[in-house]
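Note sheet for the following structure.
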Amino acid sequence: MDNQQLLDLIGAMTLEEKIAQLVQLAAPFYEGANDGGQITGPMQAMGITDSMVASSGSILGYAGASGAIAVQEAYLRNNPHGIPLLFMADIVHGFKTIFPVPLAIGCSWDTELAEKSAEIAAREAAVSGIHVTFAPMVDLVRDPRWGRVMESTGEDPYLNSLFARAFVRGLQGEDLKNESERVAACVKHFAAYGASEAGRDYNTVDLSERQLREYYLPAYKAALDEGCEMVMTSFNTIEGIPASANEKLMRSLLREEWKFDGVLISDWGAVKELIPHGVAEDEREAAYRAIRAGVDIEMMTACYVHELPGLVRSGSVDEALIDESVLRILQLKNKLGLFDNPHRGASSEREAEVVFSPEHRKAAYELATKSTVLLKNDGVLPLKPEAKVALIGPFAQSGDILGPWSWEGSTEDAVKLGSALAERLGEGKLIIAEGCGIETGTPEQLRLALEAAAQADVIVLALGEASEMSGEAGCRTDIRLPQAQLELVARIAEIGKPSAAVLFNGRPLDLHGVYDKVGAVVEAWFPGSEGGAAVADILIGAVNPSARLSMSFPHSVGQVPVYYNHFNTGRPLGAEDAQVRYVSQYLDAPNDPLLPFGFGLSYTTFEYGSLKLSSEQMTNDSRLTVSVDVTNTGERAGTETVQLYIRDISGEVVRPVRELKGFVKLDLAPGERGTAVFTLGEEQLRYHHSDLSFRSDPGRFDVFVGRSSLDTLHGSFVLAGS
């Protein structure tokens, strides 16, 4: 259909029919949907009538090809204008084939694999009847107390932007209409949800506009520049106004400044939540404020259908606002080809062929190996072929390694670490004991674990968080492992045998009681369907770990938020003329994190040569080349992720001590030398000034290149004035 035909269709609809298109309801409201899906918010009596359902625009949380086809056919029999239904769901890090959680994917620093994972997730979702996924989540995160850090790719705006683009490319492809096994992407949560106070879900955000633009907005903009079709509002406030009622954010910035003309959807229940937020007295005012802000689809509350008809007829809301929203929704349906083929990619035959296929599982395995970070190694890993190994801990044979938002994933199908390790080590080489549960343990569990440890040459502890301990509504003030696991680690450490810990979790942890007790630490995150196989191959050395942290690990929760691209102070720690006490420091902990952004170890070693700059001066029109030679000085092939950071020494406003501007992966054989080459231009030195203009300042810049944000070589150059 062309745009005029869509406008003609809107002209034929009643006001109530148009408003119903703005409503998204969960699966139980629809004829033929016998599976309610995953409920992630309050589902109160909503006062929804059959006629509202018949004209509603989209369904939430339903998948399965035959069922989706049946629901669509039943819906079209009742819809007076033959407008097809949009099927939407949270396909965050895989559909049935579950990939590592996004925070883990961020640690791969591999945007090609990230794009591939999104393409596979889209394919499995599309053949199962889904048209839109609520992904990617690109919120910048600095507080590991917040459970939803696992949905983000980390604490850096540049890296997050690269992954945002990659996920959108993978999900949407190049032509949604003709690529029926892609889905529309919905970037979330707009905006700055990752800055929730105290790391608590749904909580207040209070940022300056300069900080918002400098750190939190770039990844959303990157997703939209890549063509992302939808945006989801966040639950939080921005400048005291909840996002779903925030005209400045949604109308002025998103629509007018950024020229976004796609669909804006609320998060679950967020429109009605304007009432407890305190910016709407009742549903009528909530509907008024949300439609004025430009929210096109109200998810799982009914303020629009209850109140917008009266608001329009009273003249309080211009019907043109309703028509704008309906047009955007119909345009998305048209882009997806639903008017021509309401069932689009849904196919039971393709579903059986591609969902959880060996090819997809192979890709999940590869990304899990590339996302697993070696945090410590005192020579314990890789496991020696002749060693007898005791695998001890609540995750030794657990399938709870998929993580939150693994909606269609099966913990039964997940490859368990114990099974994978037993297969690789051979008969008689592995003893498994649970040791304790995730949060509690028994004397008998401990006794069996100590017996297993006594028989082994080396001990591997499989530890972590249950999946429900992170993700949405999974916020924690104590981000250490549960006490039962810490007690298990302490008792095993007393034996004095070589030991390693493997961590399955959704956030950076306070690793006291683990990091200091074992000889090696492997951060597996929630690695997905093939996680056990991937981690086993890293433990035995079949795969050399190469991942780098995309979010800092604090020494303790008392440092939080702790992140690499912080500001300096007037009394920085380590200043030459600083006194011992009166500097910006803690009395009981270092300022730096335990493990910084960009950190990760390998089973080989790399030696850096001297840093070379092509010039000591850059102009607005010239480019500066930065290079360094890197040699693999170990005995096995490995990948080194060489990172480039800058610092603006004197800005109009304070600039971070370091900012990531690029990275290069070097795959090097033993003894091989490679060169990491970076090109810097003036545009990479720009930032938001106090007047919000985006430009660079002439003057001196430091440049840092190395293996993490804290382990670098140093050089400098001058940006000449105009």
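By convention here, the first residue in the shown sequence is residue 1. Hydrogens, waters and symmetry mates play no part in the numbers below; they use all other heavy atoms, side chains included.
Of the options E465, R200, R145, a side chain to side chain contact (heavy atoms under 4.5 Å, CB included) to R476 is made by E465 and by none of the others. For the ring-ring contact (aromatic ring centres under 6.0 Å, His included) criterion with F190, the lone passing option out of Y216, F134, W258, F260 is W258.
At least one test fails for K188 against the ring of W268: distance under 6.0 Å to the centre or angle within 45° of the axis.
Within the 3.5 Å criterion, the main-chain N or O of P561 finds no donor-acceptor partner in the side chain of D143. With hydrogens and angles disregarded, no donor-acceptor distance shorter than 3.5 Å links the side chain of E197 to the backbone of T204. With Q72 contributing its side chain and L85 its backbone, the two residues share a donor-acceptor pair below 3.5 Å. Not one N or O on the side chain of E319 forms a donor-acceptor pair closer than 3.5 Å with the backbone of L15.
There is a side-chain donor-acceptor pair under 3.5 Å between T153 and N160.
The ring-ring contact (aromatic ring centres under 6.0 Å, His included) analysis of residues 274-333, with sequence neighbours excluded, yields no pairs. Residue pairs that meet the ring-ring contact (aromatic ring centres under 6.0 Å, His included) test with at least one member in residues 140-176, sequence neighbours left out, are W146-Y193.
Aromatic ring orientation, Y202 versus F235: perpendicular (interplanar angle above 60°, classes split at 30° and 60°).
When the ring pair (Phe, Tyr, Trp, His ring centres under 6.0 Å) test is applied to Y215, no partner is found at least two apart in sequence or on another chain. For H689, the ring pair (Phe, Tyr, Trp, His ring centres under 6.0 Å) partners at least two apart in sequence or on another chain are Y687. Applying the side-chain hydrogen bond (donor to acceptor under 3.5 Å, both in side chains) test to S529 and every residue at least two apart in sequence or in another chain returns nothing. A70 is linked by a side chain to side chain contact (heavy atoms under 4.5 Å, CB included) to nothing, counting only residues two or more places apart in sequence or in another chain. For N341, the side-chain hydrogen bond (donor to acceptor under 3.5 Å, both in side chains) criterion is met by no residue, not counting sequence neighbours. Applying the ring pair (Phe, Tyr, Trp, His ring centres under 6.0 Å) test to Y563 and every residue at least two apart in sequence or in another chain returns nothing. Under the rule for a side-chain hydrogen bond (donor to acceptor under 3.5 Å, both in side chains), the partners of D323 that lie at least two apart in sequence or sit in another chain are K18. Annotation: side chain to side chain contact (heavy atoms under 4.5 Å, CB included) contacts of E226 (sequence neighbours excluded): R165, V168, R169. Residues forming a ring pair (Phe, Tyr, Trp, His ring centres under 6.0 Å) with F339 (at least two apart in sequence, or on another chain): none. In terms of the side-chain hydrogen bond (donor to acceptor under 3.5 Å, both in side chains) criterion, residue partners of N178 (sequence neighbours excluded) are, by chain and number, D175.
By the 6.0 Å contact criterion, CD on E174 is open, its count of non-hydrogen atoms from other residues, nucleotides or ligands being 12 or less. No more than 12 heavy-atom neighbours from other residues, nucleotides or ligands sit within 6.0 angstrom of CG on D50. Within a 6.0 Å sphere centred on CD of E353, other residues, nucleotides and ligands contribute more than 12 heavy atoms.
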- Item | Intermediate values then yes/no, ring-ring contact (aromatic ring centres under 6.0 Å, His included), H688 and F694 | CA-CA 5 Å; H688 290 90; F694 189 65; 4.7 Å; yes
- Task: Please test Y62 against W407 for ring-ring contact (aromatic ring centres under 6.0 Å, His included), starting from the C-alpha separation and ending with a verdict.
- Result: CA-CA 10 Å; Y62 187 82; W407 176 36; 8.4 Å; no
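Ring centroid separation for the pair H93 and F99 does not come in under the 6.0 Å cut-off.
Atoms CD1 and CD1, from I19 and I322 in turn, are 5.0 Å apart once rounded to the nearest 0.5 Å. Rounded to the nearest 0.5 Å, atoms NE2 (H189) and CG (D267) are 5.0 Å apart.
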